[in-house]
Visitor: 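Sharing a structure here in structure tokens format.
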Amino acid sequence: MNMEKDLRLSSILIRWYEANKRDLPWRNTSDPYAIWLSEVILQQTRVDQGYSYYNKFIQKYPKVDMLAMADEDEVLKLWQGLGYYSRARNLQAAARLIVKDYNGVFPRQHKDVLKLKGVGDYTAAAIVSISYNEPYAVVDGNVYRVLSRIFAINEPIDSGKGKKVFAELAQELLDDANAGLYNQAIMEFGALQCVPVSPRCDICPASSICLAYAQNKVAQYPKKAGKQKVRNRYFNYFDIRHGESMYLRKRGDKDIWQNLYELPLVETEKELTIEELQKDEKFKPLFEAASDVKIQYIRQIKHVLSHQIIYAIFYKVEVSEIRLEKEYLKIGVGDVDDYPVSRLVHKYLEQL
DNA sequence: AAAACGGGGCG
DNA sequence: CGCCCAGTTTT
């Protein structure tokens with residue numbers, strides 16, 4: 001069976017690339033030496049930082065044998081300020097090997113390119129696809145971000161399994177006939193359009209096929225296992241009672257417990273006593289339009305989530321009169337069980 | 001699987 | 001100023 005490849009993504013990316021790509025010096029050549037040099041310089045390095053280094057290197061060592069013949073000190077000096085200096089040492093070691101073993105002609109085969117010092121999976125794929133249009137998909141940080149969003153992939157990118165999943169998906173999606181163009185397009189798209197923070201999805205040509213966008217979860221991708229740091233949060237809940245009435249509010253987007261209900265909440269940066277809390281700017285608006293406010297401490301609950309620990313304090317507040325913003329829902333005390341609440345809030349409610 | 005490797009951007 | 005970034009080699 002000859003399954004046809006889905007090239008919709010390729011088409012979107014390449015069209016976007018042709019219209020939006022930056023004009024960079026290494027984009028006006030198919031010389032594998034120049035491509036290699038640019039790719040090594042751009043490892044862990046932003047384009048605007050590496051740009052002048054590429055120009056210096058290609059001017060001083062326009063051919064691989066000139067790099068091979070240079071003093072290491074001279075090469076390192078030219079690399080100075082760019083960081084990760086093993087890249088420069090490996091670069092020259094590889095140049096010397098190319099002169100010795102390949103007669104100064106840059107290797108043509110992916111497996112040979114991959115053997116060069118300082119060239120891993122990403123760089124080998126970049127070199128052979130861009131220089132020779134060989135069908136090897138690049139997977140760099142941009143690709144992780146773009147693919148994880150478009151396909152809403154929950155596999156963490158920093159796990160062994162995740163790397164495999166992304167490498168296979170990238171290879172499957174690769175537009176083989178336009179490998180170099182497609183690879184450059186997806187990376188440039190990640191660098192300029194599908195950026196890590198606050199991407200402009202409203203003007204994105206891929207938004208219609210982007211699953212993360214459809215789910216309003218763009219900012220959650222790519223997922224990382226990481227040493228996920230646990231964040232401490234301090235929730236002060238107020239169970240405001242006015243006769244047989246109490247108040248709830250629906251939680252919004254971009255935080256835990258989306259669309260669940262909870263008691264009126266004041267979140268603080270650290271644990272505060274009720275006296276400190278009453279002086280806090282976030283506390284005041286809640287009881288501005290209230291009379292005869294009596295606050296009673298009820299209990300403290302430590303609630304542990306995978307990524308945050310919530311130190312919650314519950315207070316019961318009796319008022320003879322109160323007016324709250326319309327986001328606060330006034331309900332009958334007996335109806336509270338009709339509303340979906342977090343486990344934390346439920347723990348408080350069930351023991352009243 | 002995890003650490004080491006540098007410098008820059010960001011809040 | 002601490003935290004994040006992200007390919008390759010080394011441990």
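These numbers come from the heavy atoms of this one structure, side chains and all, not from hydrogens, waters or symmetry mates. The sequence lines fix the lettering, A, B, ..., with proteins before strands; numbering per chain opens at 1.
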Visitor: Under 3.5 Å, is there a donor-acceptor pair linking the side chains of A:Y348 and A:D239?
Guide: yes
Visitor: Expressed as a whole number of angstroms, how long is the span from A:E39:CD to C:dT8:C1'?
Guide: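 Taking atom C1' of C:dT8 as the reference, CD of A:E39 is at 14 Å.
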Visitor: Mind calculating the distance between CD (A:Q44) and P (B:dC5) to the nearest angstrom?
Guide: 14 Å
Visitor: Roughly how far, to the nearest 0.5 Å, is the CD atom of A:E39 from the OG atom of A:S131?
Guide: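 Those atoms lie 9.0 Å apart.
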Visitor: As an exercise, state the distance from CD of A:E275 to CG of A:D280, rounded to the nearest 0.5 Å.
Guide: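 Here the rounded value is 13.5 Å.
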Visitor: In whole Å, what is the span from the CZ atom of A:R46 to the P atom of B:dC10?
Guide: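 Computing the A:R46:CZ to B:dC10:P distance gives 7 Å.
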Visitor: Heavy atoms only, 4.0 Å cut-off, all strands: where does A:T123 land among base, sugar-phosphate and nothing?
Guide: sugar-phosphate
Visitor: Go through the steps to decide whether A:E271 and A:Q300 satisfy the test side-chain hydrogen bond (donor to acceptor under 3.5 Å, both in side chains), and finish with yes or no.
Guide: CA-CA 11 Å; A:E271 185 156 357; A:Q300 207 163 1; 2.6 Å; yes
Visitor: Rounded off to whole Å, could you give me the NZ-to-C1' distance for the A:K117 and C:dT9 pair?
Guide: 10 Å
Visitor: Give me the distance, rounded to whole Å, that separates C:dT11 from B:dG6 when you measure between the P atoms they each carry.
Guide: 14 Å
Visitor: Please report the distance, rounded to the nearest Å, between CG in A:D158 and P in C:dT8.
Guide: 17 Å
Visitor: Need one value for A:V119: base, sugar-phosphate or nothing, where a base atom within 4.0 Å counts as base even if backbone is also close, heavy atoms only.
Guide: sugar-phosphate
Visitor: From the set C:dT8, B:dC5, C:dC5, return the single nucleotide nearest to any side-chain atom of A:K224.
Guide: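 Of all the options, the side chain of A:K224 is nearest to C:dC5.
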Visitor: NZ of A:K115 versus C1' of C:dT9: gap in Å, rounded?
Guide: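 Between C1' of C:dT9 and NZ of A:K115: 18 Å.
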Visitor: Closest-nucleotide mapping onto DNA chain C: is A:I157 or A:N90 further toward the 5' terminus? I mean the 5' end.
Guide: A:I157
Visitor: When you measure from the side chain of A:R145, which nucleotide among C:dG7, C:dA6, C:dT9 comes out closest?
Guide: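 Between C:dG7, C:dA6, C:dT9, the one nearest the side chain of A:R145 would be C:dA6.
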Visitor: Would you say A:Y84 places a side-chain N or O within less than 4.0 Å of OP1 or OP2 belonging to C:dT9?
Guide: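 No, A:Y84 has no side-chain N/O under 4.0 Å of OP1/OP2 on C:dT9.
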Visitor: Write down the distance separating the P atoms in C:dC4 and B:dA3, rounded off to the nearest Å.
Guide: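 Pairwise P distance, C:dC4 against B:dA3, rounds to 15 Å.
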Visitor: When all nucleic acid strands are considered with a 4.0 Å heavy-atom cut-off, which category describes A:Y144: base, sugar-phosphate, or nothing?
Guide: nothing
Visitor: Regarding A:Q49, tell me which of base, sugar-phosphate or nothing describes its non-hydrogen contacts under 4.0 Å with the strands shown.
Guide: sugar-phosphate
Visitor: Reading DNA chain B from 5' onward, which residue's closest nucleotide shows up sooner: A:V197 or A:L82?
Guide: A:L82
Visitor: Measuring from atom CD1 of A:I240 to atom CG of A:L324, what distance do you get when rounded to the nearest 0.5 angstrom?
Guide: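 Those atoms lie 5.0 Å apart.
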Visitor: On a whole-Å scale, what distance lies between the P atoms belonging to C:dA6 and B:dG11?
Guide: 15 Å
Visitor: Which sits closer to the 5' end of DNA chain B, A:K161 or A:R89, going by the nucleotide each is nearest to?
Guide: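 Closer to the 5' end of DNA chain B: A:K161.
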Visitor: Which whole-number value in Å describes the distance from A:M187 CE to C:dC5 P?
Guide: 19 Å
Visitor: Take the protein atom CD of A:Q43 and the nucleotide atom P of B:dG6, then report the distance between them rounded to whole Å.
Guide: 13 Å
Visitor: Indicate, with a heavy-atom threshold strictly under 4.0 Å, whether A:Y122 touches base, sugar-phosphate, or nothing.
Guide: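 Answer is sugar-phosphate: A:Y122 comes under 4.0 Å of backbone atoms only.
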Visitor: Between A:S86 and B:dA4, is there a side-chain N or O to OP1/OP2 distance below 4.0 Å?
Guide: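 For A:S86, the contact criterion (side-chain N or O under 4.0 Å from OP1 or OP2 of B:dA4) is not met.
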Visitor: What's the spacing between A:N178 CG and A:N133 CG if we round to 0.5 Å?
Guide: 6.5 Å
